[in-house]
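A quick note: this is a predicted structure, and the numbers were derived from the prediction, not measured. So you know, we letter chains A, B, ... as the sequences are listed, proteins then strands, and number each from 1.
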There are 2 protein chains.
Amino acid sequence: MDSRTKILNAASELFLEGGGAGLSVRAISKRAGMSTIGIYSHFQGKQGILDALYIEGFNMVRDAMDVVAEGKASKAQVLESCMGYLKVGEQNEAHYRLIFGETDAGYEPSEEAISARTSAFSKLVRVAGSYLPDTSTSIEHRQIALDLWAIVHGYVSISHHASLTHDPSVDWKAMALRVVEIHLDAVMN
Amino acid sequence: MDSRTKILNAASELFLEGGGAGLSVRAISKRAGMSTIGIYSHFQGKQGILDALYIEGFNMVRDAMDVVAEGKASKAQVLESCMGYLKVGEQNEAHYRLIFGETDAGYEPSEEAISARTSAFSKLVRVAGSYLPDTSTSIEHRQIALDLWAIVHGYVSISHHASLTHDPSVDWKAMALRVVEIHLDAVMN
DNA sequence: TCTAAGATATAACAGTGTTATATGGCAAAC
DNA sequence: GTTTGCCATATAACACTGTTATATCTTAGA
């Protein structure tokens, strides 16, 4: 196996096991069975490792929202996309925290990483925008996407931080989806 | 001046100047003109410093939403409370990032800090709940507050992370307030 | 076979939070 | 007034972090 992928696999394993806490350069190297130097020759140090995981995270988000074929989307399909987003935030907490800056205060995503974020948002613009009337403008498409993003991200983030949503009997994903549906209904009238 | 407040002032200064980045135990001590040990005798280490700033942050949020007297709130007053929240998120980015875990991945708020968060949320429950009909239940009060919190927090957080909102001509606070108003109108009908 | 270049390893550096040990000063007890 | 004990402060060390200068080893090409 290639050294680069050996390092990346080790980093992914550690990240899934313990989030950003145990993700040190030395721990990754040890898990990969080699010295720390590979992280600086094959990646750009820890920044490069975090970039790879950041891109992984936003690609998860994009793919989870990718439930609509070409053409116009139904309301159920928009809700399905949002539910995909919510599930990623719930089931991949480590990745989600990383892409919103909670893993390493010093980390700044590279250009390539930012384009992965842009790609995920574009997916939401297409899905939500295709639900709007054909007469709607691209500005309106971006606006509705930003609204939905704020709603679902707000709920995911709060679910990670507020104890009131840690109770498993509290279905915060349904709550978020309800707000999304209310918003969709309101802007269509 | 008391040693404890000397340390706290130094920490606040450094935090406002450079966020969590330059907020090291040694930097705080140096600014306060004493050794590092005071942070461990007067506080519980860096955790205690972050707790103090965390509480400061959530108190800012609570006070910013405290624009409604006793009795029922008008829609304008609810919107005013939300605008207060949004402004805190915009103008006190360091504090806001701290209370949502972006400053130090290892930091976990203490019980006292969590009660400051609860206090802020309770304020929103009272404000938003008092806008609902008198027949509404306390569960509905908490629900509408959670909805509004997700919307405004979602927008604040996105404004901190997505470049599309960094353009000063993009009035993301107005966008957030629009979503809040749409939601309020919808749940009242 | 020799050489040059690339990959890998080791060790050090500067920084972090934390703590064991040592010192200082000051108030209470005799 | 001297001594004792306690509390605040200081110093230095420990274990960790990301990073890099130096050294070694491997391997492909001449």
Side-chain angles (χ1 to χ4, degrees), chain A residues 1-55 94 97-98 101-110 112-113, chain B residues 1-55 94 97-98 101-110 112-113:
Chain A
M1 182 163 47
D2 185 54
S3 279
R4 201 192 123 92
T5 60
K6 243 194 295 189
I7 293 171
L8 202 51
N9 286 352
S12 288
E13 282 175 32
L14 284 168
F15 192 57
L16 291 181
E17 289 171 16
L23 196 70
S24 77
V25 171
R26 282 168 182 79
I28 298 169
S29 309
K30 190 174 184 180
R31 176 70 65 102
M34 43 195 306
S35 89
T36 61
I37 199 71
I39 292 177
Y40 295 88
S41 51
H42 295 290
F43 298 83
Q44 286 130 11
K46 189 168 187 186
Q47 156 88 21
I49 301 286
L50 293 177
D51 266 336
L53 295 170
Y54 182 101
I55 292 169
R97 295 188 107 112
L98 171 63
E102 298 184 31
T103 299
D104 188 330
Y107 169 65
E108 284 288 324
S110 66
E112 190 191 351
Chain B
M1 181 164 46
D2 185 56
S3 279
R4 201 193 124 92
T5 59
K6 243 193 296 188
I7 292 171
L8 201 51
N9 286 352
S12 288
E13 282 176 32
L14 284 167
F15 192 57
L16 290 182
E17 289 171 15
L23 196 70
S24 76
V25 170
R26 284 169 181 81
I28 298 169
S29 310
K30 191 174 181 179
R31 176 72 64 103
M34 43 195 306
S35 89
T36 61
I37 200 70
I39 293 176
Y40 295 89
S41 52
H42 296 288
F43 299 84
Q44 285 129 11
K46 191 169 185 185
Q47 156 88 21
I49 300 287
L50 293 177
D51 266 335
L53 296 169
Y54 183 100
I55 292 168
R97 296 188 106 111
L98 171 62
E102 297 184 31
T103 298
D104 189 329
Y107 168 65
E108 283 289 324
S110 67
E112 190 190 352

Problem set entry | Side-chain touch A:T103/A:L53, heavy atoms, less than 4.5 angstrom | no
For this session: Identify the two heavy atoms, one from A:A10 and one from A:I28, that lie closest to each other, and give their separation to 0.1 Å.
Result: CB-O, 3.7 Å
Exercise. Yes or no on side chain to side chain contact (heavy atoms under 4.5 Å, CB included) for B:D51 and B:E112, after CA distance, side-chain angles and deciding distance?
Worked result: CA-CA 8 Å; B:D51 266 335; B:E112 190 190 352; over 6 Å; no
For this session: Looking only at non-hydrogen atoms, find the nearest pair between B:A11 and B:I49 and report the distance.
Result: CB-CG2, 3.8 Å
Problem set entry | Between D:dT19 (P) and A:I49 (CD1): distance, integer Å | 10 Å
Exercise. Take atom CD in B:E108; do more than 12 heavy atoms of anything else shown fall under 6.0 Å from it?
Worked result: no
Exercise. Going 5' to 3' along DNA chain C, which nucleotides are the first and last within contact of chain B (any atom under 4.0 Å from a heavy atom)?
Worked result: C:dT16 to C:dA20
Exercise. Between OH of B:Y107 and CD of A:E102, what distance do you get to the nearest 0.5 Å?
Worked result: 13.5 Å
Which pairs, protein N/O on one side and nucleotides 7-9 of chain D N/O on the other, fall under 3.5 Å?
| residue | atom | partner | partner atom | Å |
| --- | --- | --- | --- | --- |
| D:dT9 | OP1 | B:S3 | OG | 2.5 |
| D:dT9 | OP2 | B:H42 | NE2 | 2.7 |

Exercise. Would you say A:E17 has more than 12 foreign heavy atoms packed within less than 6.0 Å of its CD?
Worked result: yes
Exercise. Hey, can you pull the residues of residues 8-24 of chain A with a non-hydrogen atom under 4.0 angstrom from DNA chain D?
Worked result: A:L23, A:S24
For this session: Using atom CD1 of A:I28 as one end and atom P of D:dG18 as the other, report the distance to the nearest whole Å.
Result: 7 Å
For a quick test of your reading: what N or O donor-acceptor pairs under 3.5 Å do the side chains of residues 32-45 of chain A make, sequence neighbours left out?
| residue | atom | partner | partner atom | Å |
| --- | --- | --- | --- | --- |
| A:S35 | OG | A:I37 | N | 3.2 |
| A:S41 | OG | A:I37 | O | 3.4 |
| A:S41 | OG | A:G38 | O | 3.3 |

Exercise. Pairs in or reaching into residues 2-16 of chain A: which pass salt bridge (Lys or Arg N to Asp or Glu O under 4.0 Å), with residues at least two apart or in two chains?
Worked result: A:E13-A:R31
Seminar exercise, completed: Whole-Å distance, A:L50 CG to D:dT17 P, equals 14 Å
Seminar exercise, completed: Residues passing the ring pair (Phe, Tyr, Trp, His ring centres under 6.0 Å) test with A:F15, sequence neighbours excluded, are A:H95
